[in-house]
Amino acid sequence: MDLYQLFKTKTPIIGVVHLLPLLTSPRWGGSLKAVIDRAEQEATALASGGVDGIIVENFFDAPFTKNKVDPAVVSAMTVVVQRIQNLVTLPIGLNVLRNDGLSAMAIATCVRAQFIRVNVLTGVMATDQGLIEGEAYELLRYRRELGSDVKIFADVLVKHARPLSSPNLTVAVKDTIERGLADAVILSGWATGSPPNEEDLELASGAANGTPVFIGSGASSENIATLLQAADGVIVSSSLKRHGRIEQAIDPIRVSQFVEVAHRSWNSKAEKKSILIG
C-alpha cells in the first residue's frame with residue numbers, strides 16, 4: 001500500500017474520534033445530535049491541528065459485542081462519518097468495535113471512506129468479550145463482492161486481549177499480512193493508552209517487509225520521537241484529549257503540539273537516513 005497516495009505523506013498521523021455512546025449501547029444518552037456535535041468538534045480539532053487522517057470508532061459503546069453490531073449502530077456511524085466528511089477533506093477510516101469488520105467495510109464503501117481498522121483479522125484472541133476469531137476469509141471476500149478498494153488496517157496481537165495459542169510477534173505479523181492480506185498492520189501496548197515497546201516495533205517492521213506498520217496506542221508528545229524510529233505511522237487519541245483523559249474531548253493545542261514533535265522526529269529520521277545512504 002502506498003501511504004503517500006492515501007494520506008499525501010509517507011508518515012501519516014491518524015487522529016481518532018471516539019464517538020459518544022450510540023443507540024442500543026448501555027450508556028446511550030438519547031440524542032444522536034449530541035453524538036454528531038461532539039464528533040464534528042473533534043474532527044475539526046484534529047484537522048486544524050494538522051493530522052493526516054481521521055478514524056471514527058464507537059469507543060464509548062462498551063461493553064462491546066464481539067462481532068456483529070446492532071443495525072442502529074451501523075446507521076448512526078454512517079450518518080456521523082458523512083457529517084464529518086462535510087467538514088474536513090482528510091482521509092477517513094472506521095473501526096466498528098469490537099470486531100465487526102464487515103459493517104466497517106460496508107459503511108466505508110458506501111460513504112467512500114478510505115480505510116478500516118480490524119482488531120482481529122487472523123487467529124483467535126481471548127478478550128473481555130469472549131473468544132474472538134479472525135474474519136479474514138469473510139472480510140476479504142466481502143470487499144471483493146462490493147467492488148471496494150477500502151484498505152484494511154489490522155491489529156497484530158491486539159490490546160485488551162491475549163492469543164489463544166502463543167505465536168511470536170514475527171509469526172503473527174507475517175500471518176496477518178501474508179495469510180490475512182492486511183494492507184497495513186497495527187501494533188499497540190497491552191491496553192488503551194499503553195504504547196508498544198521499541199523492540200516490538202522493530203521486530204514487526206522487519207517481519208512486515210515493506211507493509212506499513214502503525215503505532216496503535218499510547219503515543220504522546222513525550223514518546224513519539226522514540227516510537228517513530230521503527231514505525232511508518234501512528235494512530236493517536238488519548239494523549240490529544242484535554243488533560244490527557246480519555247473521556248474528555250480532543251484538545252486542538254495538544255494536537256498541534258503532537259504533530260509538531262512528530263514532524264520534527266520524522267525530519268530528523270530522514271536526515272539520518274540520507275547521511276547513512278550518502
Side-chain angles (χ1 to χ4, degrees), residues 13-49 51-65 69-70 72-85 87-88 90-101 103-104 107-108 111 113 115-119 127-129 153 155 158-160 186 188-189 191-195 214-220 234-255 258-259:
I13 301 167
I14 301 173
V16 186
V17 171
H18 285 155
L19 298 180
L20 293 177
L22 299 175
L23 300 86
T24 73
S25 76
R27 292 177 289 182
W28 160 243
S31 170
L32 186 57
K33 183 181 183 303
V35 175
I36 292 170
D37 288 349
R38 166 84 167 248
E40 288 179 334
Q41 290 165 8
E42 296 207 333
T44 303
L46 288 167
S48 63
V51 302
D52 305 298
I54 291 173
I55 188 164
V56 179
E57 56 182 50
N58 55 326
F59 182 82
F60 289 111
D61 278 359
F64 305 113
T65 176
V69 298
D70 190 271
V73 174
V74 177
S75 301
M77 291 188 75
T78 304
V79 171
V80 171
V81 172
Q82 287 182 307
R83 293 291 290 265
I84 289 174
Q85 288 172 319
L87 292 175
V88 305
L90 297 172
I92 302 290
L94 285 120
N95 185 13
V96 182
L97 298 166
R98 172 68 189 246
N99 202 53
D100 194 349
S103 290
I107 299 168
V111 302
F115 63 101
I116 64 171
R117 180 176 184 173
V118 180
N119 283 182
T127 75
D128 53 308
Q129 293 82 33
F153 290 25
D155 284 273
V158 69
K159 58 192 172 185
H160 296 289
I186 302 167
S188 298
T192 299
S194 169
F214 280 80
I215 300 154
S217 69
S220 67
V234 57
I235 299 171
V236 58
S237 179
S238 302
S239 68
L240 305 185
K241 299 196 172 193
R242 289 181 195 137
H243 313 298
R245 296 179 60 178
I246 195 71
E247 73 277 4
Q248 295 290 321
I250 295 289
D251 181 342
I253 295 173
R254 280 178 170 259
V255 179
F258 181 90
V259 169

E40 to R83 - nearest heavy-atom pair and separation: OE2-NE, 3.1 Å
Straight-line distance of T78 OG1 to L94 CG, nearest 0.5 Å: 8.0 Å
Side chains of V255 and V51 in contact at under 4.5 Å (non-hydrogen atoms): yes
Step-by-step side chain to side chain donor-acceptor pair (under 3.5 Å) determination, N99 to N119: CA-CA 6 Å; N99 202 53; N119 283 182; 5.5 Å; no
Atom CD1 of I246 with >12 non-hydrogen neighbours under 6.0 angstrom: yes
Considering all heavy atoms, the nearest F60-L19 contact: CD1-O, 3.1 Å
Side-chain heavy atoms of S188 within contact of D155, under 4.5 Å: yes
From I13 atom CD1 to F258 atom CZ, the distance as rounded to the nearest 0.5 Å: 5.5 Å
Contact summary for L23 and A76, nearest pair of heavy atoms: CD1-CB, 4.0 Å
Nearest-0.5 Å distance that lies between atom CZ in R242 and atom CD in Q248: 6.5 Å
Distance-minimising heavy-atom pair for G101 and I116: O-CD1, 3.8 Å
Distance in Å, D70 CG paired with S75 OG, rounded so as to fall on 0.5 Å steps: 8.5 Å
Atom of V234, atom of A219 and distance for their closest heavy-atom approach: CG2-CB, 3.5 Å
pair V80-V35: side-chain heavy atoms closer than 4.5 Å: yes
Test item: L46 and L240 side chains (from C-beta on) under 4.5 Å apart, heavy atoms: yes
Check: S25 main-chain N/O paired with D61 side-chain donor or acceptor under 3.5 Å: no
N/O donor-acceptor pair under 3.5 Å between E42 side chain and V17 backbone: no
Side chains of R117 and I235 in contact at under 4.5 Å (non-hydrogen atoms): yes
Which atom of Q129 lies closest to which atom of R98, heavy atoms considered: OE1-NH1, 3.2 Å
Stepwise side chain to side chain contact (heavy atoms under 4.5 Å, CB included) check, I36 with V79: CA-CA 8 Å; I36 292 170; V79 171; 3.9 Å; yes
F153 side chain near I55 side chain, heavy-atom distance below 4.5 Å: no
Spacing of CG belonging to N58 relative to CG belonging to N95, to within rounding of 0.5 Å: 7.5 Å
I107 CD1 to D100 CG distance, which is reported to the nearest 0.5 Å: 8.0 Å
Parallel, tilted or perpendicular, as decided by the 30° and 60° cut-offs, for the rings of F59 and H18: parallel
Side-chain (R254) to main-chain (S239) donor-acceptor, under 3.5 angstrom: yes
